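In what follows, a single structure is set out as structure tokens and then discussed.
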Amino acid sequence: MTRLWNDPADFADEMIDGFVAANERSVRRVPGGVIRSTVVPDGQVAVVIGGGSGHYPAFSGLVGQGLAHGAAMGNLFASPSTQQVHSVATAVDRGAGVFLSYGNYAGDVLNFDAAQARLRDEGIACETVVVTDDIFSAPPSERHRRRGIAGDLTVFRIAAAAAEAGYDLAGVTRIASLANERTRSFGVAFTGCTLPGARQPLFTVPAGRMAIGLGIHGEPGIEETDIPTADELADLLVEKLLAEIPESVDIAGARVVPILNGLGSLKYEEMFVVYRRISERLTDAGLVLVDPHVGEYCTSFDMAGTSLTLFWLDDELESLWETPVDTPAYRRGSVAAAARAEVAASSVVTAEAIERGDDDSVEVAALIRSALQVIVDVVDANVDELGRIDAIAGDGDHGIGMQRGSHAALAAGSAAADAGAGAQTVLAHAADAWADKAGGTSGLLWGVILNALAMQLGDAGRPTASAVAAGVTAAARGVHDYGKAEVGDKTLVDALVPFSTELAGAIDAGAAFTDAWTRAAAAATSAAAATSDLLPRLGRARTHGAHSLGTPDPGAVSLSLIVTAIGDLLTSTSTAPKASHHA
Ligand code: ADP
Ligand code: MG
């Protein structure tokens with residue numbers, strides 16, 4: 001149970017404020033997350049880590065001398081947005097390029113990849129190693145699909161140590177990939193975690209039972225057993241990991257760092273009892289244990305559970321592992337304190353000038369503002385239900401993610417409209433705010449959808465119905481380009497594609513815009529309902545595919561609710577776009 005919060009929507013933000021206030025010696029806040037508050041020499045590769053909040057000390061607690069240069073911090077259990085990653089990366093770049101590393105989750109991959117593309121466009125070299133240590137989340141033949149859990153620590157530390165030792169970007173990338181290849185983890189859970197303000201845990205494990213194969217976002221376990229004794233659990237963890245020794249390793253005399261990680265509410269004393277047996281078993285297996293870690297390195301809010309990570313060293317990795325570290329949550333060896341960095345003026349955010357629209361476009365902008373309000377209302381009314389269906393096979397954050405995104409979009413769109421912006425500018429501001437504040441996969445995709453639509457609207461004159469239909473078609477194409485989902489993969493694409501096809505078809509056939517939209521919304525609604533029968537093939541839900549049979553895809557449901565509510569708005573208003581042949 002999580003007990004203390006003010007407004008749950010402000011939790012992550014207020015947590016960052018408090019974290020920075022308590023750790024100014026090491027970190028300072030920038031838009032999108034935190035960076036070191038100490039001087040970093042020019043020409044050093046910048047290591048940027050990140051992910052959702054709720055995993056402390058990952059990720060902000062691992063920023064400081066000898067470890068990460070910055071952390072992009074998403075909302076609770078939600079990936080940081082592209083803008084957040086980009087903002088933190090540009091704040092820490094020292095001219096030698098940026099190295100990105102994070103756990104393998106769909107939303108994080110989309111946003112970090114988009115940030116990497118943007119950095120490269122701007123001439124900043126950027127490389128990425130995604131952490132994939134969780135052996136239970138995909139078979140060995142599909143290692144690239146595995147999630148990242150407590151093994152984050154080894155990859156981040158090795159990358160940062162290499163940067164500190166003067167490796168160039170290619171060198172940091174090479175050694176971090178090797179660290180990831182030689183890091184394997186396996187975990188279990190006894191109780192689910194409860195997000196601030198939520199009435200229910202994201203998932204529950206029956207009393208006396210243990211879920212095997214946990215994820216750090218409260219993804220349900222994949223198998224379940226009775227809770228074993230401490231020694232039996234140690235045996236299970238060790239046996240699973242020794243069954244998957246990296247190919248290049250010879251077990252006899254191999255040197256390995258064991259990391260026994262607590263997920264949030266397991267006692268250190270319990271972990272020491274388990275570690276006692278782990279240590280014996282690994283030593284009996286002929287391993288040499290180096291620098292064992294027992295503690296919390298990557299948590300999942302208040303989840304009770306633990307994971308064991310084995311990091312298989314070679315000479316280069318071991319010498320980098322000896323680099324001293326001093327961060328708010330993690331210290332190793334003794335670090336010579338660096339001077340405090342001056343705060344650069346460039347970190348001050350400047351508001352961009354608003355493009356004013358002509359009278360017709362301003363009228364359309366007012367309709368868009370009403371539509372954004374309608375989206376807020378329908379998302380607010382369904383926030384619990386969207387969270388519930390996302391928790392069945394995903395991580396339970398779809399309701400709150402959509403809520404953050406839609407509220408931010410309304411605020412930014414309204415501010416632009418108040419400044420006299422036309423339709424395109426109002427919607428583009430709303431799109432960027434949605435993507436920035438929502439986090440998660442759906443946040444990025446809603447940013448793509450609204451931006452694609454905005455492009456067709458212009459800031460002068462009234463858009464035709466065909467222009468809006470073309471915008472929706474472009475939105476579907478954009479979502480496909482980013483997320484790579486096809487119809488049938490059980491994503492919001494399953495609702496968006498029928499919506500777009502029906503809308504374009506009806507408008508081509510000469511239907512009035514509002515009628516066409518209403519018919520398209522009906523098609524989206526039945527398609528969203530039909531996703532109940534599908535198995536997911538992408539995204540976080542993939543790992544728990546079978547759980548989701550009988551439950552529709554949350555992103556498809558929210559999309560159908562939104563287009564339906566906008567249909568109702570259009571029906572009750574007279575300013576909808578006209579069919580193209582009237583324009
Ligand atoms: P996250 O998956 O990061 O927790 P949300 O819970 O907000 O993000 O959104 C989940 C929804 O995102 C899914 O229900 C699905 O509709 C959509 N989604 C996930 N991955 C993709 C993808 N690759 N392409 C299209 N939609 C996707
Ligand atoms: Mg989710």
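Index from 1, following the sequence. Computed from a predicted structure; not experimentally measured. We count ligands from 1, going down the list as the structure has it; atoms in each ligand are counted the same way.
In summary, the side chains of Ser558 and His398 do present a donor paired with an acceptor at a separation below 3.5 Å, with no hydrogens or angles considered. Residues Asp133 and Asn180 bring no donor and acceptor atom of their side chains to less than 3.5 Å of each other. A donor-acceptor contact closer than 3.5 angstrom links the side chains of Asp436 and Ser81.
For Asp390, a nitrogen or oxygen atom sits less than 3.5 Å from a nitrogen or oxygen atom of ligand 1, counting backbone and side chain alike. Between Ala485 and ligand 1, a contact under 3.5 Å exists for no N or O pair. Considering backbone and side-chain N/O atoms, Gly483 comes within less than 3.5 Å of an N/O atom of ligand 1.
Between Asn104 and Arg146, the shortest heavy-atom contact is ND2-O, 2.8 Å.
Residue-ligand proximity: Gly555 is placed with a non-hydrogen atom under 4.0 Å from ligand 1.
Residues passing the side chain to side chain donor-acceptor pair (under 3.5 Å) test with Gln200: none are found, sequence neighbours excluded.
Looking only at its N/O/S atoms, Asp390 has OD2 as the one nearest to the Mg ion (ligand 2). Distances from the Mg ion (ligand 2) to each N, O or S atom of Asp397 single out OD1 as the nearest.
By the 6.0 Å contact criterion, CE on Met455 is open, its count of non-hydrogen atoms from other residues, nucleotides or ligands being 12 or less.
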With side chain to side chain contact (heavy atoms under 4.5 Å, CB included) as the test, would you mind laying out the steps for Gln456 and Gln424 before giving the verdict? CA-CA 7 Å; Gln456 296 294 324; Gln424 172 157 343; over 6 Å; no
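Counting heavy atoms closer than 4.0 Å to ligand 1, residue Pro554 contributes atoms from both its backbone and its side chain.
Here is the list of ligand 1 atoms found below 4.0 Å of a heavy atom in Asp553: 13 (C), 14 (O), 15 (C), 16 (O). Interface atoms of ligand 1 facing Asp397, defined by a heavy-atom separation under 4.0 Å, are 4 (O), 5 (P), 6 (O). Contact atoms of ligand 1 toward Leu445: 24 (N), 25 (C), 26 (N), 27 (C) (distance under 4.0 Å to a heavy atom of the residue).
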